[in-house]
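Just so we're clear, the structure is a prediction, and the values are computed from it rather than from any experiment.
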Amino acid sequence: MYSTDTAASAIGVSRRQLDNFMRRQLGELIAKGSQGRARTIPHAAVERAAVAMILMRDLGCRPAKAVEIATRLTESPNTEFLIGTLTTLRFDVRRLRLILDKTLADAVETTTPARRGRPRAANRTIKRRGASEEAPRDGW
């Protein structure tokens with residue numbers, strides 16, 4: 001399981017772009033998170049997202065069609081996909097897996113987890129509640 005930051009770094013897209021793509025297109029592959037918890041992404045979803053994003057970038061596929069093709073390519077032993085009657089798409093899934101495994105290993109080592117929640121008290125000024133520290137006003 002990988003964090004969104006790690007997977008985005010390995011694929012080469014922004015964290016926000018990957019998070020939106022995963023939520024909209026591959027929602028069935030990622031677990032529903034709860035508030036305050038970082039989302040984790042399984043290896044199969046990272047692989048499928050990488051193939052789909054390559055198809056979108058290089059072939060101009062729409063996201064839903066790219067995910068459909070990526071699903072077929074990653075789940076079948078055949079790396080060729082018939083598109084129409086005269087066109088065949090051949091994708092080197094084996095090579096992608098080798099490269100993706102290497103970049104994921106590098107990203108796990110170099111990506112630091114994002115801090116969540118409020119900043120520590122030492123980093124911010126403490127706001128006092130109640131009476132202000134300025135001089136009392138006349139007229140009361």
Side-chain angles (χ1 to χ4, degrees):
M1 300 291 262
Y2 301 100
S3 69
T4 307
D5 292 329
T6 303
S9 175
I11 294 174
V13 296
S14 70
R15 185 188 71 74
R16 184 173 181 170
Q17 183 181 4
L18 180 66
D19 192 46
N20 287 338
F21 181 78
M22 296 294 269
R23 191 171 32 84
R24 290 179 184 147
Q25 302 300 326
L26 299 172
E28 72 278 355
L29 291 179
I30 53 176
K32 299 277 188 233
S34 60
Q35 187 174 4
R37 295 246 182 211
R39 181 181 316 224
T40 56
I41 305 170
H43 186 77
V46 174
E47 186 177 281
R48 196 173 299 174
V51 173
M53 289 185 159
I54 289 170
L55 293 172
M56 287 170 23
R57 182 192 68 201
D58 294 348
L59 299 179
C61 287
R62 293 180 185 235
K65 189 66 172 176
V67 169
E68 177 188 332
I69 295 171
T71 302
R72 288 187 186 176
L73 286 172
T74 56
E75 290 180 351
S76 72
N78 189 7
T79 60
E80 292 185 354
F81 181 71
L82 188 65
I83 301 174
T85 56
L86 299 173
T87 308
T88 302
L89 172 69
R90 187 173 42 162
F91 197 94
D92 196 354
V93 177
R94 189 176 135 283
R95 185 170 172 220
L96 174 88
R97 286 180 177 146
L98 291 173
I99 294 169
L100 190 61
D101 288 343
K102 184 176 184 290
T103 57
L104 280 169
D106 291 342
V108 165
E109 291 178 7
T110 59
T111 307
T112 58
R115 294 191 63 93
R116 300 177 62 87
R118 291 185 179 182
R120 297 178 133 183
N123 296 342
R124 61 187 168 106
T125 59
I126 298 173
K127 190 173 184 181
R128 295 191 173 123
R129 295 181 182 225
S132 67
E133 294 178 10
E134 59 189 45
R137 296 182 184 167
D138 292 332
W140 287 94

From Thr6 atom OG1 to Arg15 atom CZ, the distance as rounded to the nearest 0.5 Å: 11.5 Å

Give the table of side-chain donor-acceptor pairs shorter than 3.5 Å for residues 90-105, with sequence neighbours excluded, one pair per line with atom names and distance.
from: Asp92; atom 1: OD1; to: Arg95; atom 2: N; distance (Å): 3.3
from: Arg97; atom 1: NE; to: Glu47; atom 2: OE1; distance (Å): 3.0
from: Arg97; atom 1: NE; to: Glu47; atom 2: OE2; distance (Å): 3.1
from: Arg97; atom 1: NH2; to: Glu47; atom 2: OE2; distance (Å): 3.1
from: Arg97; atom 1: NH2; to: Thr74; atom 2: O; distance (Å): 2.9
from: Asp101; atom 1: OD1; to: His43; atom 2: NE2; distance (Å): 3.4
from: Thr103; atom 1: OG1; to: Ile99; atom 2: O; distance (Å): 3.2
from: Thr103; atom 1: OG1; to: Leu100; atom 2: O; distance (Å): 3.1

Interatomic distance, Ile69 atom CD1 to Ile54 atom CD1 [nearest 0.5 angstrom]: 13.0 Å

Look up atom CZ in Arg48 and atom CD in Gln25, then write down how far apart they are to the nearest 0.5 Å. 12.0 Å

Write down the atom of Pro63, the atom of Phe21, and the distance for their closest heavy-atom approach. CB-CE1, 4.2 Å

Spell out, as yes or no, whether a donor-acceptor pair under 3.5 Å connects the side chain of Thr71 to the backbone of Val67. yes

Do you know which two heavy atoms are closest between Met56 and Cys61, and how far apart they sit? CG-O, 3.4 Å

Considering all heavy atoms of both residues, which atom of Leu18 and which atom of Ile11 are nearest to each other, and what is their separation? CD1-CD1, 4.1 Å

Between the CD atom in Glu68 and the CG atom in Leu73, the distance rounded to the nearest 0.5 Å is 10.5 Å

If you look at every heavy atom in Ala70 and Val51, which pair is closest and at what distance? CB-CG1, 3.6 Å

Starting at NZ of Lys65, measure out to CG of Leu55 and round the result to the nearest 0.5 Å. 11.0 Å

Residue set satisfying side chain to side chain donor-acceptor pair (under 3.5 Å) with Arg23, at least two apart, ordered chain then number -> Asn20

